[in-house]
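In what follows, chains carry the letters A, B, and so on, assigned in the order in which the sequence lines appear, proteins first and then strands, with residues in each chain numbered from 1.
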Number of protein chains: 2
Amino acid sequence: MTAAKLLLIDDDQELSELLSEFLTSEGFSLTCCFDGITGLEQAKTTDYDLILLDVMMPGLNGFDVLKALGGKHLTPILMLTAKGDESDRVLGLELGADDYLAKPYNPKELLARIKAILRRVDILTNKTKSQPIQINGIELSPASREVTCLTKPVLLTGTEFEMLHLLMENLDTIVSKEMLSEQVLNRPLMAFDRSIDMHISNIRRKFQQFSSEEKIKTIRGVGYVFMSGDK
Amino acid sequence: MTAAKLLLIDDDQELSELLSEFLTSEGFSLTCCFDGITGLEQAKTTDYDLILLDVMMPGLNGFDVLKALGGKHLTPILMLTAKGDESDRVLGLELGADDYLAKPYNPKELLARIKAILRRVDILTNKTKSQPIQINGIELSPASREVTCLTKPVLLTGTEFEMLHLLMENLDTIVSKEMLSEQVLNRPLMAFDRSIDMHISNIRRKFQQFSSEEKIKTIRGVGYVFMSGDK
DNA sequence: AGCAAAGGGTAAAGATTGAGTAAATTTACT
DNA sequence: AGTAAATTTACTCAATCTTTACCCTTTGCT
């Protein structure tokens, strides 16, 4: 696994320094913010693997940041606090934190908890990616990278396969062009990039001979949806 | 969400009883095992959403169970222990536990931690899509960008969809033209801009064939309201 | 009531944007 | 080098968004 990107939000610069050194030596890449506002800004603009969030901060405190991020942020959050207060812990977890560690903490335990969270994320995001998907006569098997339509094989290129896979994983849910570009082509979507359109076009063509009904619906200005079609 | 299935592995029957009662009252479905071997057996044969695992048990202890389950079990594990020993916690987390709570614990905190883990799993397996909105026979699904009126599809353009979405989210609440312009068209409202009026007009027209009653009410000089209509 | 002014409804025209795709080019792999 | 795949180019066309224009309704004033 490539170095996980962590975001540390803590007003204690000295402690941050120490922690930064420790975690960097453990192979993480760490960004530090010393107040809630810049921390929140960072969290919203950059995609981190995990956020370490101190509760006690002047201005925007940890709970405020948690609230501002909303309940469904994708990035896991580990809260740090000087208080050992239990109701505090409960509140943090209810607001959307994933774990809670009281200061002063053992760096080893912090490390272990960070790893535990990242491992869970890793397991869960890889799990779905290996199970075959069957929808409406189309079967896609990630393990063998084969796709069949009504049991007959459909020969897709690697990118076409991944694109179809991502769409089928998100059945009846829009997958934006940005998402397709980032997840499949591994680069941000650029203006006037017609590459995705091309691949979609090719996928559609390869399926045409088997079935006339269009499974991949275009959502103009947004992306594409793989439709289950049972309406 | 349907009731999460939990597995409790703890040799302390009395405590298990209490915990079982508490968690059941919180809407979980709980299975108890009183030793490591049966616990391991259960964990392997049935698909639980979360395992609560006591460390101190005669025979196979919590760590042994953890090891036996292997590093990449899909089910998250929360360990419970009488010891507050840090190295113990670190060991547990390294062996694949997702969280660690020392006895005696506050039931509220346990509950919060259980929920935090389940929420993380939920987010990562992305079952938490943006929820469809249903009002008065009209259903709007943000995920697939589809709108139906009395189960029949209504074909809206992107802007029309977003405008209706914003109005339906603010049921019975006025949405100003300024708001509509900024949120949907991404620009400040200008004098003599009739664009919003046009879109509203088009939305109304597309719904006319299904129902005569007007859902979108005009508030002269201010904006529009989507009416729940039950008065 | 009468009137003027402002705001909204909407058809139609015009402008703009985004998608489809053939073909050419580049890239990546053998 | 040879080949398959991916990307870019270039062009068309269709969807859809905006503007215009005209009419109707409401509001507020005398």
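Classification of K5(B) and D47(B) as a salt-bridged pair fails, no side-chain N sitting under 4.0 Å from a carboxylate O. Salt-bridge annotation for E162(A) and R145(A): present, with a side-chain N of the basic residue lying under 4.0 Å from a carboxylate O of the acidic one.
Spacing between atom CG of N202(B) and atom C1' of dA11(C) amounts to 10 Å, rounded to whole angstrom units. Taking atom NZ on K177(B) and atom C1' on dG9(C), their separation rounds to 10 Å, with Å as the unit. Put simply, CG on D197(A) is 13 Å from P on dA22(C), counting in whole angstrom units. When the P atom of dT12(D) is taken as reference, atom CZ of R194(A) falls 14 Å away, rounded to whole Å. As rounded to whole Å, 10 Å separates atom P of dA6(D) from atom CD1 of I203(A). Going from atom CZ of R205(A) over to atom P of dA22(C) covers 7 Å, rounded to whole Å. If you take CG of L180(A) and C1' of dA19(C), they are 14 Å apart, rounded to a whole angstrom. Atom C1' of nucleotide dA6(C) and atom CD1 of I219(B) are separated by 17 Å, given to the nearest angstrom.
In terms of phosphate contacts, R204(A) brings a side-chain nitrogen or oxygen within less than 4.0 Å of OP1 or OP2 of dG20(C). Checking the phosphate oxygens (OP1, OP2) of dA5(D), no side-chain nitrogen or oxygen of T157(A) falls inside 4.0 Å. An OP1 or OP2 oxygen of dT16(D) is reached within less than 4.0 angstrom by no side-chain nitrogen or oxygen of H199(B). In terms of phosphate contacts, S195(B) brings no side-chain nitrogen or oxygen within less than 4.0 Å of OP1 or OP2 of dC17(D). Within the 4.0 Å cut-off from OP1 or OP2 of dG7(C), not a single side-chain nitrogen or oxygen of Y224(B) is found. In this model, the phosphate group of dT21(C) is approached by a side-chain N or O of S201(A) to a distance below 4.0 Å at OP1 or OP2.
Distance alone, capped at 3.5 Å, places no donor-acceptor pair between the R204(A) side chain and the E214(A) backbone.
Among dG20(C), dG8(C), dT18(D), the nucleotide with an atom closest to any side-chain atom of T218(B) is dG8(C).
Checked by distance alone, R220(A) brings a side-chain donor or acceptor within 3.5 Å of a matching partner on the base of dT17(C).
D10(A) and S16(A) are not linked by any side-chain donor-acceptor pair at a separation below 3.5 angstrom, with hydrogens and angles left out of the test.
You'll find the side chain of S181(B) reaches within 4.5 Å of the side chain of R187(B), heavy atoms only.
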